[in-house]
Visitor: 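Let me give you the structure first, and then I'll get to my questions.
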Amino acid sequence: MTIKTRRLANALGAAVLDVDLSQPMEPATFRAIRKAWVEHLVLVFPGQQDLTPEQHVAFSRLFGELDRNEATPSYRLSGYEEVIAITNRPASDGKPSPSKDVGRKWHSDLDFTLRPTMGSLLWCGQLPEVGGDTMFANMYQALETLSPGLRRTLEGLEAVYDVMAGVRAEDGRDAAALDEMRANSRSVAQPVVRVHPESGRASLFLSERAVRFEGWTEEESRPLIEHLCRHATQPERVFRKQWQPGDLVIWDNRCTVHQALADYDRSQIRYMRRTAVLGEPSGRLVQE
Ligand code: SIN
């Protein structure tokens, strides 16, 4: 079975042109999609305007067990614990959406937990007139383009994540969402270099949510974390997704980082639905 793909950027990303995700999928089609995903890291399925939350969940489950969003229940789409709505559309009581500023830092989904995600599937329902883009960076290339000396240093390092440290600097995050995240947050150390279980390739695993390296002070760690995040997200390693309503995008969180841009008129509505597929256990709890 082959599927029709078209590359979208030099570093990562391809469109899958001939698949209707609202229909039950043949195992051979899914195997071809999974192979293309491991190869391209980010896949875009255009034209899925009518995809229901049930169909979105059914396709996501083909990849594995889904996150139930226990860390952020207020983001859940009503009636669907495995789906979150990422939107600035106000809630039914008129309050600001708790998820309106999700993903503003470069990150890999759930990198601050002991079960970071394998992949995420984001569907676009509504867009502002312009903007609302998402950027993705190739973390294999980020590692492969470092000097051998720095790479050797990183191979023995763990990065410590504290999700609250990652969001403190974000303007405008809803107070209730901050409380919810604070109640669920623990410090987790993750290896900075990980081997992808399907491709066998090593990649950098580090995001702007990391606060320090284990055994280093924050002051010592910050310059290297900033250097590595800047290096990883150079334009030549990035695919910038300009959405169309009805696009579904799946990305591999094991070898990419991504960032949702606030590059649009915030009085206009951007509405997305996301599921996340859990990956293998990774990292350990640390005392702060
Ligand atoms: C996310 O970080 O998963 C959200 C991405 C987006 O809304 O573009």
Side-chain angles (χ1 to χ4, degrees), residues 8-9 12-13 37 41-46 48 51 53 56-57 60 63 66-69 71-77 80 82-89 96-113 115-128 130-137 139 161 163 166-167 169-170 172-174 177 181 205-210 229 232-233 238-266 268-279:
L8 296 170
L12 72 169
W37 182 53
L41 289 50
V42 177
L43 291 181
V44 178
F45 296 82
Q48 314 294 328
L51 195 75
H56 185 156
V57 167
S60 306
F63 290 86
L66 301 188
D67 180 39
R68 309 187 93 78
N69 300 299
T72 50
S74 67
Y75 298 177
R76 283 181 182 142
L77 183 68
Y80 300 90
E82 293 161 313
V83 185
I84 59 172
I86 298 177
T87 185
N88 59 345
R89 186 186 287 166
S97 163
S99 62
K100 67 186 169 60
D101 286 302
V102 163
R104 296 277 178 255
K105 303 227 165 228
W106 283 105
H107 66 284
S108 169
D109 290 325
L110 299 189
D111 51 9
F112 55 92
T113 74
R115 193 123 185 243
T117 59
M118 168 197 299
S120 303
L121 297 96
L122 188 64
W123 174 84
C124 176
Q126 188 177 344
L127 281 175
V130 287
D133 300 355
T134 309
M135 297 204 294
F136 299 91
M139 298 298 266
Y161 291 80
V163 71
V167 295
E170 286 182 8
R173 175 92 67 157
D174 179 74
M181 293 174 86
F205 189 68
L206 185 69
S207 84
E208 288 182 341
R209 296 202 278 223
C229 290
T233 58
V238 167
F239 161 50
R240 180 169 178 152
K241 172 63 185 149
Q242 295 185 296
W243 294 88
Q244 294 295 321
D247 283 335
L248 181 128
V249 173
I250 171 164
W251 62 89
D252 192 330
N253 280 304
R254 299 166 294 185
C255 53
T256 64
V257 286
H258 62 280
Q259 181 184 46
L261 300 178
D263 61 342
Y264 62 99
D265 177 346
R266 307 302 300 277
Q268 298 178 7
I269 300 298
R270 179 182 191 263
Y271 179 85
M272 318 290 274
R273 278 194 324 239
R274 196 193 79 187
T275 53
V277 187
L278 292 170

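All ligand and atom numbering here is 1-based and tracks the order in the structure. Note: hydrogens, waters and symmetry copies are ignored here, and every other heavy atom, side chains too, is used. What you are looking at is a predicted structure, and each value in this text was computed from that prediction instead of being measured.
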Visitor: How long is the straight-line distance from CD of Q126 back to CZ of R270, given to the nearest 0.5 Å?
Guide: 11.5 Å
Visitor: Please enumerate all residues that pass side-chain contact (heavy atoms from CB on, under 4.5 Å) together with Q244, with sequence neighbours excluded.
Guide: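 If we apply the side-chain contact (heavy atoms from CB on, under 4.5 Å) test to Q244, skipping adjacent residues, the hits are D247.
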Visitor: Non-hydrogen atoms closer than 4.0 Å to ligand 1: which protein residues do they belong to? List them by chain and number, please.
Guide: I86, G103, H107, D109, L122, T134, W251, H258, A260, R270, R274
Visitor: Say whether, by atom type as modelled, one donor and one acceptor occur between the side chain of S99 and the main chain of A85 under 3.5 angstrom.
Guide: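 Between the backbone of A85 and the side chain of S99 there is a qualifying donor-acceptor contact (under 3.5 Å).
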Visitor: Where does the angle between the aromatic ring planes of W37 and F63 fall among parallel (under 30°), tilted (30 to 60°) and perpendicular (over 60°)?
Guide: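 Perpendicular.
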Visitor: The criterion is salt bridge (Lys or Arg N to Asp or Glu O under 4.0 Å); which residues satisfy it with R274, sequence neighbours excluded?
Guide: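 Counting only residues at least two positions away or on another chain, R274 forms a salt bridge (Lys or Arg N to Asp or Glu O under 4.0 Å) with D109.
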Visitor: Partners of A262 by side-chain contact (heavy atoms from CB on, under 4.5 Å), sequence neighbours excluded?
Guide: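 side-chain contact (heavy atoms from CB on, under 4.5 Å) check on A262 returns R104, R266.
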